[in-house]
There are 2 protein chains.
Amino acid sequence: MKADHILQTAVGHFAKEGFEGASLSKIAEEVGIKKPSIYAHYKGKDDLFLSALQYSLNTQKSHLAAYFNSVRDEPLESILYGYFNWFAKESQDNERMNFILRVAYFPPLRLEKEVGEFFNPFFDSMHRHLTRLLRERDRQEKVLHSEDFSNAALAYLTVTEGTMTELVYSGMDRYESRLQAVWPIFWRGLRK
Amino acid sequence: MKADHILQTAVGHFAKEGFEGASLSKIAEEVGIKKPSIYAHYKGKDDLFLSALQYSLNTQKSHLAAYFNSVRDEPLESILYGYFNWFAKESQDNERMNFILRVAYFPPLRLEKEVGEFFNPFFDSMHRHLTRLLRERDRQEKVLHSEDFSNAALAYLTVTEGTMTELVYSGMDRYESRLQAVWPIFWRGLRK
DNA sequence: TTTCACCTTCCTAACGGTCGTTAGGATATA
DNA sequence: TATATCCTAACGACCGTTAGGAAGGTGAAA
């Protein structure tokens, strides 16, 4: 489908150049069509952008669910630590993660409200999911220091986002060394 | 000085709209001059942007030094935790921090090299400074669990950047709750 | 003290270029 | 026949930038 091809290409351009920096001409050129042809599939730049965002968040959501499902029998530490490697690999494969992070932190001002309405449920469900995971796993493993699972989940999310942004900013090497630095300390603070 | 007024205004615009999104017309309008008058003070948009970045990093550097100097007799935990509150207040006062973070993570592609040459020394000196602080303070307090001060500093930087980006993205309220969640865990992992 | 050249700062006007978007028509598909 | 997809052409708006000149201040020469 051509509409999908346009959308995939747009994700890459929005990720690298931002909303204002990305241009419909260049997106069309990479797809192999002319600029006005985009309007046969999307109402305009805003529509393309929000479609790309919705698609990216949905894809991310289902990939996330698949990851957590695939490791559900492993020990809690493996699950939490493995997640870092998982999204490092994910963000190498394509630019969806990069796009999501950029839009999350620096949305186009005009679309701030719409963007927030996509993101807040996403983060909230992430937070809820993690809280439940910690609670259920701790019932079996009795490995966590505190029973405030909600705050532990929030702290974990903060650390993942800190390292994720590092990955986006300065690449895999510095990301790896940050992860090696932060994980032992953080896990030591988390466990019994 | 008018050049300074232009620069200060530009920092705010670049922070909110990004490099591509910011427009010289609007900057000039807010300053109270016409667009071409900017060219009496700066060679062009690139020059204004890089000047704003250099100014912001220098200011940030000296504010940072002043903070760490003002708390140098407090216990290590106060210094480290107090830093979170310090930069929260700093970023409320003006948009310099916001501008710095945005440029760090998503520089204009064309100026990526120049931007990196400003940032890498900044982060490296931050890392060195923190490593030394941890080592010297631990010699007195014997409070840290590990003697790998360099990695501890890197981990601390990761956590601060994670919460900082949260501050930029979703404001003071969510920042506070993230900080309350992450600090006890992180400090527990760091101390003896 | 006056004059004159120079420099800075700001202006209006306009440049070429790119932007997102629309109109209208060709072609193929159903 | 109707609909979807692509095209060329062109729209108005805004972009960063430059040309050229007015106003004002500075400082040296007459």
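Please read all numbers here as calculations on a predicted model, not as lab measurements. A, B, ... follow the sequence lines: proteins, then strands. Residue 1 opens every chain.
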Sub-3.5 Å pairs of nitrogen or oxygen atoms, protein against nucleotides 19-21 of chain C:
| unit_1 | atom_1 | unit_2 | atom_2 | d |
| --- | --- | --- | --- | --- |
| C:dC19 | OP1 | A:Ser23 | OG | 3.1 |
| C:dC19 | OP2 | A:Ser25 | OG | 3.3 |
| C:dG20 | OP1 | A:Ala22 | O | 3.3 |
| C:dG20 | OP1 | A:Lys45 | NZ | 2.9 |
| C:dG20 | OP2 | A:Leu24 | N | 3.1 |
| C:dG20 | N7 | A:Lys35 | NZ | 2.8 |
| C:dT21 | OP2 | A:Tyr39 | OH | 2.6 |
| C:dT21 | OP2 | A:Lys45 | N | 2.7 |
| C:dT21 | O5' | A:Tyr39 | OH | 3.0 |

Taking only nitrogen or oxygen atoms into account, show me every contact under 3.5 Å that the protein makes with nucleotides 25-30 of chain C, one pair per line with its distance.
none

Output all residues satisfying side chain to side chain donor-acceptor pair (under 3.5 Å) with [X], sequence neighbours left out; order by chain, then residue number.
{"X": "B:Glu20", "result": "none"}
{"X": "B:Tyr42", "result": "none"}
{"X": "A:Arg110", "result": "A:Asp46"}

- Query: Within the pair A:Ser37 and D:dT5, is there a side-chain N or O less than 4.0 Å away from OP1 or OP2?
  - Reply: no
- Item | Phosphate OP1/OP2 of C:dC10 contacted by B:His41 side-chain N/O (<4.0 Å) | yes
Extract all donor-acceptor atom pairs below 3.5 Å that involve side chains of residues 117-125 of chain B and protein atoms in other chains or at least two apart in sequence.
| unit_1 | atom_1 | unit_2 | atom_2 | d |
| --- | --- | --- | --- | --- |
| B:Asn120 | ND2 | B:Gly116 | O | 3.3 |
| B:Ser125 | OG | B:Phe122 | O | 3.4 |

- Sequence neighbours left out, what pairs pass side-chain hydrogen bond (donor to acceptor under 3.5 Å, both in side chains) with at least one residue falling in residues 150-168 of chain A?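 For residues 150-168 of chain A: A:His127-A:Ser150, A:Asp148-A:Asn151, A:Thr158-B:Arg178, A:Glu161-B:Arg178, A:Glu166-A:Ser170.
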- Query: Which pairs, with at least one residue in residues 27-37 of chain A and sequence neighbours excluded, count as a side-chain hydrogen bond (donor to acceptor under 3.5 Å, both in side chains)?
  - Reply: A:His13-A:Glu30
Between [N] atom [atom2] and [X] atom [atom1], what is the distance in whole Å?
{"X": "A:Lys34", "N": "D:dC7", "atom1": "NZ", "atom2": "P", "answer": "7 Å"}
{"X": "B:Ile33", "N": "D:dA22", "atom1": "CD1", "atom2": "P", "answer": "21 Å"}
{"X": "B:Tyr42", "N": "C:dT8", "atom1": "OH", "atom2": "C1'", "answer": "15 Å"}
{"X": "B:Lys2", "N": "D:dG24", "atom1": "NZ", "atom2": "P", "answer": "15 Å"}
{"X": "B:His5", "N": "C:dT9", "atom1": "NE2", "atom2": "C1'", "answer": "16 Å"}
{"X": "B:Glu29", "N": "C:dC11", "atom1": "CD", "atom2": "P", "answer": "12 Å"}

- Does the gap between the ring centers of B:Phe68 and B:Tyr83 come in under 6.0 Å? yes
- Message: Can you list everything that forms a side chain to side chain contact (heavy atoms under 4.5 Å, CB included) with A:Ser78? Sequence neighbours excluded, please.
- Response: A:Glu74, A:Pro75
- Of B:Trp183, B:Tyr175, B:Tyr67, which meets ring-ring contact (aromatic ring centres under 6.0 Å, His included) against B:Phe84?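 The passing option is B:Trp183.
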